Amino acid sequence: EAGVAQSPRYKIIEKRQSVAFWCNPISGHATLYWYQQILGQGPKLLIQFQNNGVVDDSQLPKDRFSAERLKGVDSTLKIQPAKLEDSAVYLCASSLDLGGGSKETQYFGPGTRLLVL
Amino acid sequence: AQKVTQAQTEISVVEKEDVTLDCVYETRDTTYYLFWYKQPPSGELVFLIRRNSFDEQNEISGRYSWNFQKSTSSFNFTITASQVVDSAVYFCALIEDNYGQNFVFGPGTRLSVLP
């Protein structure tokens, strides 16, 4: 079974530029998550989708970050314009949705390492 | 509110030593789920174990074992006969069943296994 796919693996941009990350979850996983992991810290949730709807985006800096999952499968996370403090690893994860608010295991992709200069 | 503490920032051991990584959690929920993930230098978070709050049985998987104690709100992870390939950052995570929408991760413990 293929895991969570992410691209690109690395990205270097200058501040105020835009960047986009792509994620393809494990086949059949209805729930998709984007996390930001700053060096030396644990991952922090940015946004959670269930199918193509947003479940939680309370920690997403909406003035510069946006995400979509139009067809309920793959997803794109965008930063526009980027700031120096956005340098981090952006992790995508997915999980099954067994209904009833079940808290299923999240499986993670390899991440995209972003460096903002 | 839910919180996960991993007090050990970094641990170094010599190959074949046993090592225990500590995880202490806080939750207001009676039903919750605990997880351990491994993050090797490649960056991907690898799932190791999921445990629900009603199952306090310790678990062993090869060289890995987990000790869940609700009385002390701890979910510790032991690697027996450590190997160089075990070098990674290990994260403990918690999600509440009734109050939590999201995983809360601890800050991680960086384990270095020296040859």
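Since we're looking at a predicted model, the values are computed, not measured. Every chain is numbered from 1 and lettered A, B, ... according to where its sequence line falls, protein lines coming before strand lines.
Across every non-hydrogen atom of A:P43 and B:L45, the tightest pair is CG-CD1, 3.7 Å.
When hydrophobic clusters are built by joining Ile, Leu, Val, Met, Phe, Trp and Tyr residues whose side-chain heavy atoms come closer than 4.5 Å, directly or via intermediates, B:F68 is grouped together with B:L94. Residues B:F91 and A:V89 are members of one and the same hydrophobic cluster, defined by side-chain heavy-atom contacts under 4.5 angstrom among Ile, Leu, Val, Met, Phe, Trp and Tyr. Note: the hydrophobic cluster containing B:V24 does not contain B:Y90 (ILVMFWY, side chain heavy atoms under 4.5 Å, direct or indirect links). No path of Ile, Leu, Val, Met, Phe, Trp and Tyr side chains, each step under 4.5 Å between heavy atoms, connects B:F105 with B:W36, placing them in separate hydrophobic clusters. Residues B:L34 and B:I49 are members of one and the same hydrophobic cluster, defined by side-chain heavy-atom contacts under 4.5 angstrom among Ile, Leu, Val, Met, Phe, Trp and Tyr.
Few gaps surround CZ on B:R51; more than 12 heavy atoms of other groups in view lie less than 6.0 Å from it. Environment of NZ in A:K11: sparse, with no more than 12 heavy atoms of neighbouring residues, nucleotides or ligands closer than 6.0 Å. The environment of A:K62 atom NZ is dense: over 12 non-hydrogen atoms of other residues, nucleotides or ligands sit within 6.0 angstrom. Other residues, nucleotides and ligands contribute only 12 or fewer heavy atoms inside 6.0 Å of the CD1 atom of B:I60.
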Carefully, step by step, assess B:F103 and A:L45 under the rule side chain to side chain contact (heavy atoms under 4.5 Å, CB included). CA-CA 8 Å; B:F103 273 31; A:L45 181 74; over 6 Å; no

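Interface remark: A:Q37 contributes side-chain atoms only to the contact with chain B (heavy atom separation under 4.5 Å). For a residue to count as touching a neighbouring chain, one of its non-hydrogen atoms must lie under 4.5 Å from one of that chain's; by this rule B:Q39 touches chain A with the side chain only. With a threshold of 4.5 angstrom between heavy atoms, B:Y32 does not approach chain A through any atom at all.
Heavy-atom neighbours of chain B within the stretch residues 107-117 of chain A, taken at a separation under 4.5 angstrom, comprise A:Y107, A:F108, A:G109, A:P110, A:R113.
Note that the CD atom of A:Q106 and the CD1 atom of B:I95 stand 6.5 Å from one another [nearest 0.5 Å]. From B:E44, atom CD reaches atom CD of A:Q6 across 8.5 Å, with rounding to the nearest 0.5 Å.
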